[in-house]
Amino acid sequence: MEANLVIVESPAKAKTIEKFLGKDFSVKSSYGHIRDLSKKNLGIDIEKNYNPQYEIPADKTKIVAELKQSAKRAKMIWLASDEDREGEAIAWHLSEILDLPKDKTHRIVFHEITKNAILEAVKNPRELDMNLVNAQQARRVLDRLVGFELSPVLWKKVKPALSAGRVQSVAVRLIVEKEREINNFKTNTYFKVSALFEVIHAKGNKSELKAELSDRFSTKEKALAFLNKCKTAGFKISDISTKPGKRSPAPPFTTSTLQQEASRKLGFSVAQTMSVAQKLYEAGKITYMRTDSLNLSDLAVGTIKNEIKKEFGDQYLQIRKYKTKIKGAQEAHEAIRPSYINNHEIQGTAAEKKLYELIWKRAIASQMADASFEKTIVTIDISNATEKFLAQGEVLLFDGFLKVYSESTDDEKDDSPKDHLPPLKTSDILTPKNISSVERYEQSPPRYTEASLVKKLEELTIGRPSTYAPIISTIQHRGYVVKEDRPGKDRSFTFLSLEKNSIKEDIKKEYAGAEKSKLFPTDIGMVVNDFLVEHFDNILDYNFTATVEKEFDEIALGNLSWIKMIDKFYKPFHVTVQHTMDNTERSTGEKLLGNDPVSGKPIYVKIGRYGPLVQLGETNNTDKPKFASLLKSQHIETITLKEALDLFRLPREVGEYEGKKVVAAVGKFGPYISHNSKFYSLKKDDSPLTVEIDRAIEIIKEKIEKDKNKIVKKFDNDLSILNGRWGVYICYKKENFKIPKKTNIESLTKEDCLVIIKENNTAGKKNKQKGKEKKAKEKK
DNA sequence: CAGTGAGCGAGCTTCCGCTTGACTT
């Protein structure tokens with residue numbers, strides 16, 4: 001029996017610490033929170049000072065029972081959860097549930113998992129900080145009150161099963177407002193001018209110089225006028241200036257920056273980054289991956305120092321201490337870094353290797369010297385114009401940290417040429433080989449990616465490292481936001497070129513505006529957002545979280561009672577909730593698009609029971625209005641009257657095939673064509689409004705062919721072997737069964753199949769039941 | 001599997017933050 005029981009939050013952490021502490025200590029993990037507000041109801045007794053009703057969730061009963069056993073046997077219990085308010089609350093809940101006597105309980109904290117830090121922590125135990133615990137209770141109660149009072153308002157006023165909350169609703173708002181900003185963006189064009197000059201040097205050899213005009217022109221006429229002037233102009237270098245520049249490395253990774261860089265450099269989703277990082281952490285290869293801290297332990301800085309000296313030399317070393325700029329950062333852990341710096345690479349999956357390499361490079365580079373440049377700007381005068389051409393050159397003098405790593409940015413649109421410049425001197429005369437002016441479009445603001453949304457949330461201090469990935473998945477799961485690709489459009493631009501004293505004008509085409517893996521609001525997301533902003537603007541305010549965080553801090557310092565703080569928020573909030581429930585109309589996002597030119601009846605667009613629709617005619621009239629669903633690619637915010645009118649053309653007769661009619665329409669499962677009382681789904685690029693008979697026949701033939709291939713073997717009407725998405729499987733009485741790996745499909749007999757089904761049924765019944773429950777839950 | 005959009009009402013849905021597996025019909 002061990003004399004000492006240490007409880008931490010994470011099992012991987014427990015394993016590491018146990019090694020440092022020796023055999024008198026047993027280290028166990030609580031697996032995060034062990035208690036939470038009751039799930040069945042509000043879980044808060046409003047009448048009795050907002051008394052929280054805590055419960056141990058079903059999936060935690062086992063671990064709590066184990067901890068109880070261990071605690072009973074131990075002489076001293078060390079509560080070693082994180083030193084932030086959630087960690088303090090975990091320690092408090094543990095002491096309550098495990099019924100720990102004060103004289104048997106020590107609270108210890110450490111910010112890094114190194115032997116020294118842990119031994120030091122054990123030497124300096126303290127008591128539970130109830131102020132910090134109360135700050136957490138306030139946070140928890142506030143979130144529950146907001147979520148569980150706001151969501152039912154949406155069920156009644158918009159649609160059942162929707163949700164709202166302090167964090168998710170603001171995340172959705174960011175995306176909705178960005179979308180509107182983009183939709184309202186007026187794209188102007190301008191003309192930029194660039195030139196290719198020839199320089200003849202003293203010895204007669206020639207070189208080329210690219211330069212850009214310092215000014216842009218707002219119209220084609222102005223650009224043309226300028227090019228005309230250039231026909232007779234002389235070009236001379238009037239100034240060459242050089243100035244030094246430097247770049248510093250980025251700090252080591254936090255959760256948020258890791259998610260951003262893995263997205264930009266490796267194309268990972270934030271969830272993927274977290275799951276790969278979790279694997280690396282559990283394997284002991286990196287430090288904890290949910291952190292907002294930029295700190296590296298002294299031990300880590302020491303080994304990084306040695307590594308840089310050994311690999312690159314002393315001149316590449318520059319020890320730096322980074323301070324977080326994020327307000328409200330709790331810094332309970334280190335920054336994310338490799339556990340062992342001398343491991344440049346690791347064994348593992350391709351994704352694990354790539355992510356590890358990224359973390360390694362970033363940590364190393366953070367302690368390396370600045371890179372230095374020399375920037376040269378050459379100014380070229382034009383004899384008959386006031387505008388100047390500028391040529392820029394950049395020479396890397398010392399690579400420094402760039403030897404290892406360079407951070408990516410979200411918008412890399414700096415396309416000005418930065419070449420190595422030829423030898424030049426002031427007063428050199430230049431001969432233009434070509435001067436051209438190209439029409440450019442102003443760029444609308446960029447849509448959010450998962451990673452850039454995380455960045456924005458972190459700036460607003462909304463959410464925590466452990467919740468960034470879940471937030472992104474929640475708002476998508478609720479149907480407020482979709483992550484998808486959307487095609488761009490062809491657009492034309494004018495290209496003017498002056499060569500050999502004549503100006504040529506071309507109209508060229510480019511493909512622009514295509515989006516890949518971007519976050520778009522859905523119709524329901526927009527309607528819910530507008531409803532919440534209208535009635536609960538204080539909670540949807542981007543500063544709401546920051547404001548309440550300040551109050552949580554005051555509670556943690558013992559300057560404010562958490563009950564008073566909650567009461568001050570709740571009383572007026574609840575009045576607003578009641579008022580909104582009683583006095584507002586249902587919100588459908590209804591909008592008048594215009595009138596039908598044939599009947600003169602109004603056409604509306606709104607969200608109906610089954611999704612967005614267009615409506616022809618009024619609902620209160622004697623004759624029923626006509627309805628039609630929007631296509632998947634259409635949205636209530638942007639659909640035009642013409643597109644709405646087209647929707648009423650469905651179902652549409654496309655033509656004939658094998659003597660039977662082919663009809664295109666939109667059904668429960670999307671656009672389809674029907675033929676001979678069979679149905680065929682349309683492909684992504686097909687529209688039921690425009691699909692032609694030839695294409696329809698193609699789709700029909702394709703489907704028939706595919707169905708043929710689906711059947712591998714058919715024993716009788718009940719039993720067959722089929723080809724599915726995840727490979728070959730057995731279908732028996734409409735139920736599907738997995739075939740064990742290494743089975744020879746060719747030789748499977750009917751009897752073999754029945755055996756597999758039987759085994760599957762007995763062994764897999766439990767799992768299957770679980771799976772079904774989970775699925776049912778997800779559906780809800 | 002291939003429209004539906006009325007109205008009533010029972011019983012359901014829902015938050016954020018801390019953790020990891022079990023789950024891939």
Side-chain angles (χ1 to χ4, degrees), chain A residues 8-13 29-37 39 41-44 57 59-60 63 81-82 84-87 89-90 93 136 139-156 159-169 275 278 281-282 288 290 332 462-468 470-471 474 478 545 588 606-615 619 624-629 650-651 663 665-674 677-681 724-726 729 731 735-738 764 767-768 770-775 777-780:
Chain A
V8 295
E9 286 167 59
S10 142
K13 197 166 162 181
S29 151
S30 74
Y31 291 80
H33 277 294
I34 51 152
R35 228 171 34 158
D36 192 17
L37 296 175
K39 266 200 159 54
N41 43 47
L42 188 63
I44 298 161
D59 58 332
K60 287 290 163 64
I63 182 71
S81 42
D82 297 345
D84 54 21
R85 60 173 185 245
E86 297 297 330
I90 289 174
H93 282 298
Q136 192 273 347
R139 198 280 302 155
R140 183 67 192 91
V141 167
L142 178 90
D143 282 337
R144 172 56 70 89
L145 288 171
V146 169
F148 275 38
E149 295 228 347
L150 230 40
S151 301
V153 180
L154 295 180
W155 304 342
K156 194 173 164 204
K159 208 177 112 170
L162 294 174
S163 70
R166 172 177 59 87
V167 170
Q168 60 167 281
S169 298
S275 104
Q278 175 87 27
Y281 168 65
E282 282 168 16
Y288 198 56
R290 292 188 272 264
I462 294 171
R464 303 278 313 127
S466 68
T467 60
Y468 294 138
I471 292 165
T474 299
R478 294 267 171 268
T545 289
T588 61
K606 65 177 181 186
I607 292 185
R609 272 200 290 170
Y610 311 102
L613 59 85
V614 283
Q615 175 188 322
T619 28
K624 258 180 98 176
K626 271 166 90 178
F627 297 99
S629 286
L650 296 175
V663 175
V666 178
K668 218 168 166 182
F669 312 104
Y672 68 92
I673 45 175
S674 65
S677 58
K678 283 201 183 75
F679 298 90
Y680 307 87
S681 288
R725 222 182 347 149
W726 289 289
Y729 65 98
C731 180
E735 261 199 272
N736 299 332
F737 299 89
K738 215 160 67 179
N767 288 338
K768 217 169 197 173
K770 262 190 188 165
K772 264 185 189 164
E773 276 166 21
K774 206 180 163 190
K775 226 182 176 180
K777 233 181 179 179
E778 267 172 17
K779 255 191 178 168
K780 283 170 191 170

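No hydrogens, no waters, no symmetry mates; every other heavy atom, side chains included, goes into these values. Protein chains get the first letters and strands the later ones, always in sequence-line order, with residue 1 at the start of each.
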Exercise for review: To the nearest Å, give me how far apart CZ (A/Arg464) and P (B/dT19) are.
Suggested key: 10 Å
Practice item. Identify whether any heavy atom of A/Ala164 sits under 4.0 Å from a base atom; if not, whether one sits that close to sugar-phosphate; answer base, sugar-phosphate or nothing. Key: sugar-phosphate
Practice item. Would you mind classifying the nucleic acid contact of A/Gly87 as base, sugar-phosphate or nothing, using non-hydrogen atoms under 4.0 angstrom? Key: nothing
Check your understanding: Do A/Arg140 and B/dC15 share a donor-acceptor pair, side chain to base, under 3.5 Å?
Key -> yes
Review point. Among B/dT19, B/dT13, B/dA6, which nucleotide sits nearest the side chain of A/Glu9?
Key: B/dT19
Exercise for review: Among B/dG21, B/dC16, B/dC18, find the nucleotide with the atom closest to the side chain of A/Gln168.
Suggested key: B/dC16
Practice item. Working to the nearest 0.5 Å, report the span between NE2 of A/His33 and CD of A/Glu86. Key: 4.0 Å
Review point. More than 12 foreign heavy atoms under 6.0 Å from NZ of A/Lys626: is that the case here?
Key: no
Point to revise | For atom CZ of A/Arg290 and atom C1' of B/dT20, their distance in whole Å | key: 8 Å
Check your understanding: Which of these nucleotides, B/dT19, B/dG3, B/dA2, is closest to any side-chain atom of A/Ser629?
Key -> B/dG3
Point to revise | Residue whose closest nucleotide on DNA chain B lies nearer the 5' end, A/Val167 versus A/Glu282 | key: A/Val167
Revision key, fill the gap. Among the nucleotides B/dC15, B/dG5, B/dC16, whichever has the atom closest to the side chain of A/Asp143 is B/dC16
**Study point:** A/Arg478 side-chain proximity, nearest of B/dG17, B/dC15, B/dG21
**Key:** B/dC15
Review point. Within the modelled atom types, does a donor on one side and an acceptor on the other bring the side chain of A/Thr619 and the base of B/dG5 under 3.5 Å apart?
Key: no
Exercise for review: With rounding to the nearest 0.5 Å, note down the distance linking CZ in A/Arg144 to NZ in A/Lys39.
Suggested key: 7.5 Å
Exercise for review: Return yes if some donor-acceptor pair links the side-chain N/O of A/Ser151 with the main-chain N/O of A/Ala164 below 3.5 Å, else return no.
Suggested key: yes
Point to revise | Candidate nucleotides B/dA2, B/dT14, B/dT20, ranked by approach to the side chain of A/Ser151 - the nearest | key: B/dT14
Check your understanding: OP1, OP2 of B/dT20 versus side-chain N and O of A/Ser10: anything below 4.0 Å?
Key -> yes
Check your understanding: Nearest to the side chain of A/Leu613 - B/dC18, B/dT13, B/dG5?
Key -> B/dG5
Review point. In whole angstroms, how far is the P atom of B/dT19 from the CG atom of A/Asp84?
Key: 8 Å
Point to revise | Separation of A/Tyr468 OH from A/Ile462 CD1 (nearest 0.5 Å) | key: 9.5 Å
Check your understanding: What's the CG-C1' distance between A/Leu154 and B/dC15, to the nearest Å?
Key -> 12 Å
Practice item. Using the criterion of both pairing distances under 3.5 Å for Watson-Crick and G-U wobble pairs, give all stems of 3 or more consecutive pairs involving DNA chain B. Key: none
Review point. Given B/dC18, B/dT14, B/dG17, which nucleotide is nearest the side-chain atoms of A/Trp155?
Key: B/dT14
Study note, to complete from the structure: When A/Tyr672 and A/Ser29 are each assigned the nearest nucleotide of DNA chain B, the 5'-most assignment goes to A/Tyr672
Check your understanding: Which heavy atom of A/Ala161 sits nearest a heavy atom of A/Trp155, and at what distance?
Key -> N-CD1, 3.3 Å
Revision key, fill the gap. Winner on side-chain proximity to A/Ser163, out of B/dG17, B/dC15, B/dG5, is B/dC15
Check your understanding: Roughly how far apart are A/Arg140 CZ and A/Leu145 CG, rounded to 0.5 Å?
Key -> 9.5 Å
Exercise for review: Provide, to the nearest angstrom, the distance between the CD atom belonging to A/Gln136 and the C1' atom belonging to B/dT19.
Suggested key: 14 Å
**Study point:** Between B/dC15 (P) and A/Glu86 (CD): distance, integer Å
**Key:** 17 Å
Check your understanding: Please give, in whole Å, the distance from B/dT19 C1' to A/Lys13 NZ?
Key -> 11 Å
Practice item. Record whether the side chain of A/Arg144 comes under 3.5 Å of the base of B/dC16 through a donor-acceptor pair of N or O atoms. Key: no
Point to revise | A/Pro57 to A/Ile34 - nearest heavy-atom pair and separation | key: CD-O, 3.4 Å
**Study point:** Euclidean distance, atom NZ of residue A/Lys678 to atom P of B/dC1 [Å, nearest integer]
**Key:** 12 Å
Revision key, fill the gap. Among the nucleotides B/dC18, B/dT20, B/dC1, whichever has the atom closest to the side chain of A/Phe669 is B/dC1
Point to revise | Exam field: side chain A/Glu9 to backbone A/Gly87, donor-acceptor pair closer than 3.5 Å | key: no
